[in-house]
Amino acid sequence: MPLALLALAVGAFGIGTTEFVMMGLLPDVADDLHISIPAAGHLVSAYALGVVIGAPLLAAVTARMSRRTVLIGLMVLFVVGNALSAFAPGNGSLLAARFLSGLPHGAFFGVGAVVATAMVPPERKARSVSLMFLGLTVANIAGVPAATLMGQHLGWRATFLGVSVIGLVAIASLALLIPHDHTQAPATGLRGELAALTSLPVWLALGTTVAGFGALFAAYSYVTPMLTDSAGFAEAHVTLLLALFGVGATAGNLLGGRLADHSLRGTLFGGLVSLAAVLALFPLLMRAEWSAAVAVTLLGTAAFVTGSPLQLMVMEKAAAAPSLASSANQAAFNLANAGGAWIGGLALAAGFGVTSPALAGAVLAVLGLGVAGAARAVDRRRQSAPASAGRVVTSHLPEESGSLRH
């Protein structure tokens, strides 16, 4: 694997750290800015909104630029957003800075995935994407806990300064390690990138992402009360258990990348089935501390097995112009975050019990399987269509048929 993938992983580590660290800093930020905890929670939403808007927008406006230049520019924007967060004088300016910090998130992963797959042979594409995502999953193990401790002892502003330093390291790594070849803008430009989003297979792939990762966040958003109220853990132990989720996510990410290079569609279906099974078993597993710890780890593993296959599938569905579609998939991840948390909250509010969000997640995972099955049916119909009808998918997607026949 090219050393350049390390530069992408460093950027992903910084992005993952700043995305999730705000959850642990909410009380400190609220006290310092004299606002309520719910008001401080809007800072999480502001970042997610930046991701959803920035992912397709920045990918579209940079369609004719060198992808190497785009990646470096996105990390510059990331550093600026986090530095402004550190020096924000009030809640309004901090909200704007967090929105700005979220803008490059989706486009970085989207364009980065395109660059990563361009640097490796076809049989290693999924693994290259998983190695980039490795920075994101490791951030949940090391970056977020370290940044949270820094904020608690040195002040929350120090956390965002520290994240800015990670961004500077990522910029230097990208400039030194990302080659100039394989990173030039595609000939299709903006019009071709936009045309990619009109394809039904692309939308079905994005729908699978929303449903599949919505299943994860329906449960994960409420995992703390499950661990304390159902499994009986003390609140002080929750941070360690969330680190176990990160360990599981890292293992699932690496496993999914390796398996998807052999069978993309099979890995996706297997991951969604495993996720549905783990979530369905959550009410049982949350009855004891040891089984709850196992459940949290398995949740991370099952969910992130599907990460690389989903990203690669969207890229293959829009093979002629993958940057915008790939970035849109990152927006879909964040829609899944918001939608899954909302659906899990509905189950709690309905009085179905503290573990009911996991069961709601299991339903979403099954829905994801249904969307993935519909996508497979569309593929088969298009592949069997007469060539004279001009609908032969493999003429447009030369690399897809080999990985999707498994």
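Rounding to the nearest 0.5 angstrom, the gap separating the CZ atom in R127 from the CG atom in L5 is 12.0 Å. Residue F304 holds its CZ atom at 8.5 Å from OG1 of T250, rounded to the nearest 0.5 Å. One finds the CZ atom of F108 at 15.0 Å from the CG atom of L103 (value rounded to the nearest 0.5 Å).
In terms of modelled atom types and a separation under 3.5 Å, the side chain of R68 and the main chain of I178 share a donor-acceptor contact. The main-chain N or O of D261 is never found under 3.5 Å from a side-chain atom of E123 such that the two would form a donor-acceptor pair. The closest donor-acceptor contact from the side chain of T355 to the backbone of P283 lies at 3.5 Å or more, if one exists at all. No donor-acceptor pair under 3.5 Å is formed between the side chain of S173 and the backbone N or O of A7. A distance-only check finds no donor-acceptor pair linking the side chain of S274 to the backbone of A302 [under 3.5 Å]. The backbone N or O of F160 lies less than 3.5 Å from no partner atom in the side chain of N82, so there is not a single donor-acceptor pair. Under a 3.5 Å cut-off, the side chain of S291 and the backbone N or O of R287 do not form any donor-acceptor pair. With hydrogens and angles ignored, the 3.5 Å screen pairs no side-chain donor or acceptor of T18 with any backbone N or O of I15. Checking side-chain atoms of T267 against main-chain N and O of L259 turns up a donor-acceptor pair under 3.5 Å. Without hydrogens or angle criteria, T297 side chain to G248 main chain gives no donor-acceptor distance under 3.5 Å.
For the pair Y220/V223, a side-chain contact is recorded, criterion being any heavy-atom separation below 4.5 Å from C-beta on. Residues S85 and R98 form a side-chain contact, since some pair of their non-hydrogen atoms from C-beta on lies under 4.5 Å apart.
For S308 against N253, the heavy-atom pair with the smallest separation is OG-OD1, 3.7 Å. In terms of heavy atoms, A372 sits closest to T208 at N-OG1, 3.6 Å. Residues M286 and A292 share a closest heavy-atom pair of SD-CB, 3.7 Å.
In this structure N334 satisfies the side-chain hydrogen bond (donor to acceptor under 3.5 Å, both in side chains) test with no other residue, sequence neighbours excluded. In this structure, the salt bridge (Lys or Arg N to Asp or Glu O under 4.0 Å) partners of D32, at least two apart in sequence or on a different chain, are R157.
Sequence neighbours left out, the pairs with a member in residues 45-91 that pass ring pair (Phe, Tyr, Trp, His ring centres under 6.0 Å) are Y47-H105.
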